[in-house]
Amino acid sequence: MKLVIAITQDEDTASLVSKLTEEGFRVTKLASTGGFLKSGNTTLLIGVDDEKVDDLMKVIEKVCRPREITTAVSSMPLVEDACISYPYNIKVGGATIFILDVDRYERI
Ligand code: 2BA
């Protein structure tokens with residue numbers, strides 16, 4: 001068994017969770033925050049049999065799409081309490097995925 005941790009954009013979460021549930025995957029949804037943009041994203045925990053991992057990846061690839069986001073980045077302070085913010089385009093991926101081996105899985 002594998003634990004798939006998928007960090008996704010909030011915009012894709014509702015459709016992804018619905019599609020995964022529809023396809024028979026069990027999902028836990030956590031609200032999370034990206035360290036770089038400091039804005040909300042969603043972390044999904046999905047426990048899945050080894051042979052189902054490829055099917056799961058296909059669903060994630062189908063629903064989650066990369067987006068270019070314009071964000072304000074603050075420069076180094078010029079003088080005390082004053083700094084300049086400037087717009088910056090950044091490409092956020094459709095999903096960041098970690099796949100871990102599960103030693104033991106129990107539902108009690
Ligand atoms: P954030 O940390 O808010 O990052 C959002 C996007 O900003 C990233 O998209 C990437 O394009 C850019 N970015 C992140 N760190 C950067 C850096 N040090 N320098 C330049 N650009 C940077 P993604 O790579 O698609 O990541 C989307 C979200 O997935 C991240 O949100 C973070 O929450 C998570 N993530 C990505 N890689 C991770 C990792 N290795 N470990 C844990 N979480 C990760």
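When a ligand or atom number is given, it counts from 1 through the structure's own listing order.
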Tell me the protein heavy atom at minimum distance from [atom], and give that distance in Å.
atom	result
atom 28 (C) of ligand 1	N41 ND2, 3.9 Å
atom 39 (C) of ligand 1	F98 CZ, 3.7 Å
atom 10 (C) of ligand 1	K91 O, 4.1 Å
atom 34 (C) of ligand 1	I7 CD1, 3.7 Å
atom 13 (N) of ligand 1	F36 CD2, 3.4 Å
atom 25 (O) of ligand 1	G93 N, 2.7 Å
atom 6 (C) of ligand 1	V92 CG2, 4.1 Å
atom 38 (C) of ligand 1	T96 CG2, 4.0 Å

Flag, side chain of [X] to backbone of [Y], donor-acceptor distance under 3.5 Å:
X	Y	answer
T71	Y88	no
Q9	P66	no
N41	D10	no

Is D12 paired with K19 through a side-chain N to carboxylate O contact shorter than 4.0 Å?
no

Just jot down the ligand 1 atoms closer than 4.0 angstrom to any heavy atom of G34, in number order.
1 (P), 2 (O), 3 (O), 31 (O), 33 (O)

If you count every heavy atom of other residues, nucleotides or ligands that lies below 6.0 Å from K29 atom NZ, does the total exceed 12?
no

Heavy atoms of other groups near R26 CZ, more than 12 under 6.0 Å:
no

Minimum side-chain heavy-atom gap F25-D55 below 4.5 Å
yes

Below 4.0 Å, non-hydrogen atoms only: which portion of L37 touches ligand 1? Side chain, backbone, both or neither.
both

